[in-house]
Amino acid sequence: MSTTRTILICSGKGGVGKTTTTANLGIALARRGASTVVLDADFGLRNLDLLLGLENRIVYTAQEVLAETCRLEQALVKHKQEPNLALLPAGNPRMLEWLTPKDMQAIVALLEERFDYVLIDCPAGIEDGFKNAAAAAREAVVVTTPEVAAVRDADRVIGLLNTQGVSPVQLVLNRVRPKMMSTQEMLSVDDVTDILALPLLGLVFEDEQVIVSTNRGEPLTLGPANSPAAQAYTNIAGRLQGEDIPLMDPAKARQGLRAKMRRLMQTKIF
Amino acid sequence: MGLFLDIRSVKTLHLPDQRLQHWRDALPDLLNTCPVGRLDLHCGDWSLTCSDLRDLQRILEDSGRQIHRLEVTVAETVVSAAAIGLDGRLCEAGSSDEDKPSPPPGSLTVHQGTLRSGDHLQSDGSLLVVGDVNPGARISAAGDVLVWGRLRGVAHAGRDGATSTRIVSLHLRPLQLRIADVVARGPEDQPIAGMAEQARLVDGEIVIEPAQPQALARS
C-alpha cells in the first residue's frame with residue numbers, strides 16, 4: 001500500500017534514545033488508532049523487544065520470513081496491551097552477516113502491505129547496519145541530544161540520508177534539560193537547529209520516568225500522559241500525523257509547579 | 001617522478017562493466033596496466049558495500065596504490081565510501097568526469113547546499129559554496145574559498161601552494177583555516193552579525209579582517 005509511511009529512526013551516535021523513541025512513538029501511534037509495526041534493524045544488539053516487554057514472545061525473525069520457513073503473521077509479535085502495535089525483529093544476534101539492503105526492502109515491502117506505519121529502529125553508526133536500515137526507508141526522524149558529539153554525528157547521518165534520497169528528514173531533540181539550557185551550560189534548541197537545519201518534530205525533556213519504564217518494559221506512552229516525556233512522545237506522534245501541536249518551551253517548563261500555581265491563582269481567583 | 005611524489009598527478013582506474021566481468025576477477029589485469037601512486041577510482045554502477053570497498057582498498061594499497069577519490073553512479077557506494085572515510089562523488093550515469101576538462105586554475109565552481117559533517121568538497125579552481133559549511137565538513141580549493149553562508153568546518157585555500165588566495169565567508173568561524181601550507185585555528189568569539197570576513201596570509205601568518213570587495217574582483 002502506497003499510503004504506508006516507512007520512517008527510519010536514526011541518530012549516528014549511540015545512546016541518544018533511538019530505541020526509546022521508537023518504542024514510545026510506536027505505542028503512541030498505535031493508541032491513536034494507526035496500525036503500526038516497529039522493525040528492530042539493530043538486531044546485533046537488539047533491545048527494542050526489551051523496552052516493549054516482548055522479549056519472551058519472540059519466536060521467529062524477519063530472517064525466517066524471507067527464508068520462507070515461517071509466515072509473516074507468525075514472526076510478528078503483537079503487543080500485550082496495545083493490539084495495534086506489532087514488533088518484528090529483523091534478525092538474530094548470531095546472524096549478523098545475512099542482511100543486505102535488498103532483504104531489508106523485501107521485508108519492508110511485506111510490512112507495508114498491512115500496516116499504516118513502519119518504524120525502523122536503526123543501529124548506531126554509519127556502516128552496513130545503517131545502510132541496510134536506510135535502504136528501505138522513505139522518511140527519517142533523526143534523534144539527537146543537545147551535545148556537541150551527538151549533533152555532529154546527526155549532521156553526518158543527515159548528509160548520508162540526503163544522498164540516499166530519504167525525505168523528509170525531521171529532528172527530535174531528546175534529553176533536553178531546561179534548567180541547563182537556561183544557564184547556557186547546554187546547547188540551546190537554536191544552537192542545534194542552527195547547525196542541522198531540519199524541521200523540529202519534537203523536544204523531549206530529560207525524565208527519570210524513562211529509565212523506570214525502560215527497565216519495566218512498559219513504554220511511557222502506554223500510561224497516562226502525566227510525565228513530561230510521555231507528553232512529548234504523544235505530541236510527536238500527533239505531529240507525525242499532521243496535527244498542529246505547539247512545541248514545548250524549555251523556558252516555561254523550567255518554572256515548574258510553582259509557576260503553574262501562580263498562573264492558576266491569577267487566572268481563576270482574581 | 002624522481003624523489004618527489006607529485007600529488008597532483010592522479011591516475012584513473014575504471015572498474016569493469018558489471019554486466020561483463022566481476023571487478024574482483026578483473027582487478028589483477030587492471031593493476032598490470034595501471035601506474036603506482038594515487039588514483040581516482042571510477043566505479044561505474046557497481047554497488048559496493050563497506051567490506052567490498054575495504055577489500056578493494058586493501059588490494060590497491062598492497063600493490064602500492066592509494067585511492068584518491070571514488071566516482072560512482074549509485075548512491076549506495078557513496079554512502080559506503082563515506083562510512084569508511086573515502087572521498088566518494090556521485091556522478092550521473094553515462095557521463096564520466098574524464099570527458100570534462102578539470103576546471104582550470106582561476107575558474108569558479110559553485111556548490112549549492114549545505115556541506116554536512118564528513119563531506120569534503122574540493123576544486124582545482126576557486127570554490128563558492130552557497131550554503132553553510134558545518135563543523136566536521138571540509139572544503140579545499142587550489143584557488144579561493146568563498147562561503148555565502150556560515151563557515152564552521154575546515155577550509156583550505158591555495159591547496160597547491162598559492163599564498164595569495166583567501167577564504168571569505170559571511171560568518172567566518174571555522175574549526176581550522178589553511179592557506180597554502182599555513183594552518184590556523186579558527187577564532188572563538190562570535191563574529192559581528194552581517195559582516196563578511198576574510199582570511200589571508202600576511203607575512204606568513206593567517207589574519208582575519210573585514211572582507212574587501214575589490215580583493216575578490218582581483219582574483
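The chains referred to below are lettered A, B, ... by the order of the sequence lines, with proteins before strands, and numbering in each begins at 1.
Contacts between A:D153 and chain B at a heavy-atom distance below 4.5 Å are absent for every atom of the residue. For B:S80, the parts sitting under 4.5 Å from any heavy atom of chain A are the backbone and the side chain alike.
Around the CZ atom of A:R46, the shell of radius 6.0 Å holds more than 12 heavy atoms that belong to other residues, nucleotides or ligands. With a 6.0 Å radius and a threshold of 12 heavy atoms from other residues, nucleotides or ligands, A:E185 has its CD atom above the threshold. Atom CZ of B:R138 has 12 or fewer heavy atoms from other residues, nucleotides or ligands within 6.0 Å. Around the CG atom of A:D244, the shell of radius 6.0 Å holds no more than 12 heavy atoms that belong to other residues, nucleotides or ligands. The number of heavy atoms from other shown groups lying within 6.0 Å of CZ (A:R239) is above 12.
The two residues A:D155 and B:R116 make their nearest non-hydrogen contact at OD1-NH1, 2.7 Å.
The NZ atom of A:K131 sits 7.0 Å away from the OG1 atom of B:T77 when rounded to the nearest 0.5 Å. The line from CG of A:L196 to CG of B:N134 is 7.5 Å long, rounded to the nearest 0.5 Å.
Taking A:I126, A:V157, A:T163 one by one and counting their heavy-atom pairs under 4.5 Å with chain B, the maximum is reached by A:I126. Between chain B and the residues A:A197, A:G159, A:G125, the most heavy-atom pairs under 4.5 angstrom are made by A:G159.
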